[in-house]
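Every heavy atom of this structure was used, including side-chain atoms; hydrogens, water molecules and symmetry mates were not.
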Protein chains: 2
Amino acid sequence: MNAPIVCDTCPVADRAVCSALSPEDRGELARIGHHRRYVRGETIIAAGDSATVCATLTRGAAKMSTIDRDGTERIVALVHPAGMLGQLFASTATLHVTALTDSEACLFPASRVAALSDARPALARRLPDEVSRELDESRALIDLISKRQAKGRVAALILAFARAASPAPCHDAESFELPLTRGEMAQLLGLTIETVSRTLTALETAGLIARRGSHGIAIRDRAALDDLAAG
Amino acid sequence: MNAPIVCDTCPVADRAVCSALSPEDRGELARIGHHRRYVRGETIIAAGDSATVCATLTRGAAKMSTIDRDGTERIVALVHPAGMLGQLFASTATLHVTALTDSEACLFPASRVAALSDARPALARRLPDEVSRELDESRALIDLISKRQAKGRVAALILAFARAASPAPCHDAESFELPLTRGEMAQLLGLTIETVSRTLTALETAGLIARRGSHGIAIRDRAALDDLAAG
DNA sequence: CGAGACCTTGATTGTCATCAATACTCGTGG
DNA sequence: CCACGAGTATTGATGACAATCAAGGTCTCG
């Protein structure tokens, strides 16, 4: 299950944190971590782990979430390839990290990354960037939830995944798979399963999107979606 | 308006980022920044500033927000004393930072903080902590918004400020001032002004809180509030 | 094939947004 | 000191939207 890290074939070598490092330093980092595959739904990092681990997602999609005492899950972040998983600077993990689709990640013990970053200024300077990128993303999530209407929230979610699904950062994917179940979308958007479902069919009948199966989405009227998402 | 920084009388010297530093290092940091007062509503950092500044709030309360192209403001973070303002690791500020009440803050040019942190490992190690604390807070904000019912959101907001208003971290303040207008609360919670107002009167008539003026709050039934906020 | 999870659709209810009017607060100037 | 006005808050009536309750459909996997 665990494999050594091979950067040469890494699809996100140019975008992930590692890109800040010289080839030698990257080799050193690669040696302290390992690479692993996950199936949809598998836990990558469990909340409560004291030996904290952080990771770079190389393929797939993941969510970070909290579980309240009453048992409801709350998604606080979505992670796409090249993004960082886990809480690098926390002493104990407070969040669950779960694979949303079949995924791959490079895992590193947080303590050893911290040690390496003390010795390698290039890494030390890059890590806070990464955290503040996470911060921006979590603010984007706030954006997502604070839309008034269900249509706006769903439209914004679709666009967010269109952006993430595209390999090129400049333009979005035309058609892609939503890696979330209706329940997860509902929870993320602060809606119910039924409302999400109804809203998707409404967007489809209005001609803004087309669906292929229960998770396949194709964007038909980009402008109209932008419009809804802006509200 | 601008004054030198005097750490000896600083009310948050034990909790702010600076607490990680030795007296000499703290002195050095103090010399590159300055201290300033703000009145309610005043802009502390404007989005778009290229010369980025970061700050530690020493008294009062502040909000960080974005302005969409359509002109609506969106609050992405609340900051309480000892908290950090601004985006330390961004090259351009993307957020407005505004004083919610009369406040005081120590301002530092971001570039010089970064330079100092290269030379002072203690600071370098503390800064990411601070950013990840911000991250946790912004996730707490997500928590706030994703409650289903208006009562729950308002209750959670009240408790958040009760926590922040208390000088001691262990227990909350019993009575305090909400430093937000109804409009700001509404916006923050994804509700309307009217709903916020109605909800507050409902909480009052139900005996969970008492009000003194339009912003004064006293907590009467802590358990019931917790209960609502959990939903 | 059957079981379970997931999704869709319908009918009804409840909550919150909207529209509208009135009151409160505070600062300014007569 | 009082009158005025702008900004802010409360309260009411109404309607739209989403939650809830309920049932049936689809997909997947053993």
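For B/Q149, no side-chain nitrogen or oxygen approaches OP1 or OP2 of C/dT15 to under 4.0 Å.
B/R198 contributes a side-chain N or O that forms a donor-acceptor pair with the base of C/dT18 under 3.5 Å. On a pure distance criterion of 3.5 Å, no polar donor-acceptor pair joins the side chain of B/R211 and the base of D/dT10. A donor and an acceptor atom never sit less than 3.5 Å apart when one is taken from the side chain of B/R182 and the other from the base of D/dG7.
Residue contacts for B/T181: at a heavy-atom cut-off of 4.0 Å it reaches the sugar-phosphate backbone alone, with no base atom in range.
If you check the side chains of B/S138 and A/S138, you find a donor sitting under 3.5 Å from an acceptor. With hydrogens and angles left out, the side-chain atoms of A/T52 and A/Q87 include no donor and acceptor closer than 3.5 Å. No side-chain N or O of B/R212 forms a donor-acceptor pair with one of B/S175 less than 3.5 Å apart.
Residue A/L191 contributes atom CG, which lies 14 Å from atom P of C/dC16 at whole-angstrom precision. One atom, NZ of B/K147, and another, C1' of C/dT15, lie 18 Å apart when rounded to the nearest Å. One interatomic measurement links the two molecules: CD of B/E194 to P of C/dT22, which rounds to 16 Å at whole-angstrom precision. The distance between atom NZ of A/K151 and atom C1' of D/dC17, rounded to the nearest whole Å, is 11 Å. Taking atom CD on B/E204 and atom P on D/dA9, their separation rounds to 15 Å, with Å as the unit. When the P atom of D/dA18 is taken as reference, atom CD of A/Q187 falls 18 Å away, rounded to whole Å. Rounding to whole angstrom units, CD1 of residue B/I193 and P of D/dG12 are separated by 18 Å. As a whole-Å value, the separation of A/L189 CG from D/dA19 C1' is 15 Å.
Taking only side-chain atoms of B/T192, from C-beta outward, the nucleotide of D/dT10, C/dA17, D/dA18 with the closest atom is C/dA17. Distance from the side chain of A/S197 is smallest to C/dT9 among C/dT9, D/dG12, C/dC16. Between C/dT8, D/dG12, D/dA9, one nucleotide has an atom nearer to the side chain of B/H215 than all others, and that is D/dA9. The nucleotide whose nearest atom lies closest to any side-chain atom of A/S214 is, among D/dC17, C/dT18, C/dC7, C/dC7.
Under the side-chain contact (heavy atoms from CB on, under 4.5 Å) rule, A/R36 has a single partner from A/I44, A/L107, A/I5, A/T58, which is A/L107.
Ring centers of A/H80 and A/F161: under 6.0 Å apart, within the cut-off.
Where A/T195 and B/G190 meet DNA chain C, the nucleotide closest to each residue was compared, and A/T195 sits on the side nearer the 5' end.
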